[in-house]
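Inspection log for the structure reproduced underneath, given as structure tokens.
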Amino acid sequence: MFFRDEHGSGLAGGGGGLARAIPAAVVPARIGKRLATLDLVPDLGADIGSRTWLRGAATCAALCAATWMLAPGFDRPITGIVPAPLTGEAEQAQQAQAIAPLAKGSRTGVHVAASGLVKPLSDTPERPIIEHEARLASGTMLRGVLQRSGVGEADAGIVASLVSGAMPLGQIQRNTVLEMTLGRRVDTSQPRPLEKLAFRAAFDRRIEIARTGAALAIKSIPIAIDRTPLRVQGLIGSSLYRSARAAGAPAKAVEGFLRTLASRVSVSKLGSSCKFDLILGQARAATGEVQYGQLMYAGVTGCANSVQLAPWESDGKTEWFDASGTGSKTGMMMMPVNGRFSSAFGMRMHPILGYRREHKGIDIAAPYGSPVYAAVDGVVRVAGGSAGYGNLVRIEHGGGFGTGYAHLSKIMVRPGQSVRKGQQIGRSGNSGLSTGPHLHFETTRNGQAVNPRTVSFVSVRRLTGGALGAFQAKLHGLMAVPVGHGVQKDAAE
């Protein structure tokens, strides 16, 4: 239907479709005049209920009824002609030229129609080069890892020989990534030749191996390392740990810093206005990697509990000393052997001599050959046979205190040797005047025997002479390190 105001109504004003469809020459004048005024497609939106509107509604209903009567119905579909599916070469040609989504099973570009120029391959072509990576669990496994990665046995052996000539294979860092390039091979029965190999052999070295002609050549590339200690300072605030971490100190360094301070001062009693100060080793590679070393200085300033601590090695043992050369206190004896107390300190009937006399120590029953340990740090003064004691070890701990270990089956130290708390010095036994395997353990103060179960040694080590001067010189150098920077640290230190 059309609106009257858009298309007019009749022949005079543009007319309806019917008037335009009948030529004027074949229609009599009287009928033509009536047709010219007849509107078969009135506007059903206007003059609702009028004769013209009813005529238009009847025309619309007649058209709808005619369409329904002429329709085949839902149970009688119209049969159409479907072409037969393509097969064989025709299907391949159609697929090669078709465009369809992959989700619909498209094979566009996969199967191309065969022609006379297409010939089957006798062998699958290979890539000219292969680049891939492998990871080393240990440097000594270099040769095996290369072979498992496709490198020939001969090339893998040459590489291992070249690298071992540049540095010991055992010094190659764990989890080192090998970047390798394998070239084209003559035939598939032969391994690919190694064209290039590169890896970070150490923090300060990179190794590259490349093929020049028929030979492999190695190139060791040093990496510049800046070994300047890192110094971090700041106020303790509400939490020393959080303040030190916020200032840029690594977590492990802060943990070591707290343990070191705790040996001298009560960390929980440090005021928020106190200033912490720590220095630790640092190695920064030119390629950007950073490695942190050991804690070199721990200090607290600006409060009553100020302290300056630095490590110093002496007699093979590293201890922390303050600015005056005083070390940390050590004490609390440990059990020298695992066992049970079988005889107490004091007067008793001797089991072999048969009369009462003073027992200058305690007996600890233990199986024959049980490990015997130094109860406290000290220096061995006696190590050998001693009459009724049998095999005897006496250790001096400073301050007039000493310990003795008797009836040993084996002595594992010598006179003059420094020992640490918990270090094995021998094995329990039954030597001397003894009725069975056990350890006779004595403690003395200024040469007089005291009950070991009432003694808790406390010893303090102090640096003197040249050792004290060298330590204070080291501490003075550390104090010159600027915050956040450092001075060049000797590689041998």
Side-chain angles (χ1 to χ4, degrees), residues 314-315 317 319 325-337 339 341-366 370-435 437-465 467:
S314 179
D315 298 328
K317 181 179 179 181
E319 296 183 36
T326 302
S328 58
K329 296 180 180 180
T330 59
M332 295 300 296
M333 290 192 306
M334 65 172 288
M335 280 286 287
V337 68
F341 295 109
S342 58
S343 183
F345 177 85
M347 296 299 296
R348 68 166 186 172
M349 180 66 71
H350 196 281
I352 295 179
L353 299 179
Y355 59 86
R356 289 178 62 81
R357 75 171 193 175
E358 185 180 12
H359 189 218
K360 296 184 178 181
I362 59 175
D363 291 341
I364 305 174
S370 298
V372 176
Y373 307 101
V376 189
D377 295 354
V379 179
V380 178
R381 294 307 180 197
V382 176
S386 179
Y389 285 108
N391 293 324
L392 173 68
V393 172
R394 289 196 181 277
I395 301 176
E396 186 178 288
H397 306 287
F401 291 98
T403 54
Y405 312 79
H407 306 310
L408 301 175
S409 62
K410 183 178 181 180
I411 295 176
M412 303 174 65
V413 291
R414 63 183 184 278
Q417 178 181 343
S418 296
V419 294
R420 301 180 185 177
K421 177 181 177 179
Q423 179 179 337
Q424 186 174 354
I425 60 174
R427 293 187 178 277
S428 64
N430 193 31
S431 59
L433 294 178
S434 173
T435 58
H438 71 284
L439 174 69
H440 173 79
F441 178 57
E442 291 184 359
T443 57
T444 59
R445 180 184 290 114
N446 297 324
Q448 299 297 319
V450 295
N451 188 350
R453 302 187 70 173
T454 65
V455 175
S456 178
F457 290 164
V458 176
S459 59
V460 179
R461 188 176 180 188
R462 300 181 185 276
L463 297 177
T464 59

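Separation of atoms NE2 (H407) and NE2 (H438) is listed at 4.0 Å; rounding is to 0.5 Å. The OG atom of S386 sits 5.0 Å away from the CG atom of L392 when rounded to the nearest 0.5 Å. One finds the CZ atom of R445 at 10.5 Å from the CD atom of Q448 (value rounded to the nearest 0.5 Å). Distance check, rounded to the nearest 0.5 Å: OG1 of T443 to CZ of F345 gives 7.0 Å.
The heavy-atom pair separating S418 from Q423 by the smallest distance is O-OE1, 4.2 Å. Considering every non-hydrogen atom in both S342 and A365, the closest pair reads OG-N, 3.8 Å. Between K421 and A375, the shortest heavy-atom distance links the atoms CG-O, 3.4 Å.
Within the 4.5 Å cutoff, the side chain of I411 has no heavy atoms near those of the I425 side chain. Side-chain contact check for V450 versus T444: every heavy-atom pair is 4.5 Å or farther apart. In this structure the side chain of I364 reaches within 4.5 angstrom of the side chain of P336, judged on heavy atoms. Within the 4.5 Å cutoff, side-chain heavy atoms of V393 are placed close to those of V413. Contact of the I362 side chain with the F341 side chain is registered, since non-hydrogen atoms from C-beta on lie closer than 4.5 Å. Considering only heavy atoms from C-beta on, I395 stays 4.5 Å or farther from V382 through its side chain. Between H397 and D377 the shortest side-chain heavy-atom distance does not fall below 4.5 Å.
Legend: residues meeting salt bridge (charged side-chain N to carboxylate O under 4.0 Å, His left out) with R453, ordered by chain and number and at least two apart, are absent. Considering only residues two or more places apart in sequence or on other chains, S370 meets the side-chain contact (heavy atoms from CB on, under 4.5 Å) condition with V337, A366, P367, S428. For the side-chain contact (heavy atoms from CB on, under 4.5 Å) test, residues two or more places apart in sequence or in another chain that qualify with P371 are Y373, Q424, R427. For T326, the side-chain hydrogen bond (donor to acceptor under 3.5 Å, both in side chains) partners at least two apart in sequence or on another chain are S324, R462. With sequence neighbours left out, the side-chain hydrogen bond (donor to acceptor under 3.5 Å, both in side chains) criterion links N451 to no other residue.
Screening residues 381-392 for salt bridge (charged side-chain N to carboxylate O under 4.0 Å, His left out), with sequence neighbours left out, gives R381-E396. Note on residues 377-396: pairs passing ring pair (Phe, Tyr, Trp, His ring centres under 6.0 Å), not counting sequence neighbours, are Y389-H440. The salt bridge (charged side-chain N to carboxylate O under 4.0 Å, His left out) analysis of residues 400-410, with sequence neighbours excluded, yields no pairs.
Between the S431 side chain and the L408 main chain, a donor and an acceptor come within less than 3.5 Å of each other.
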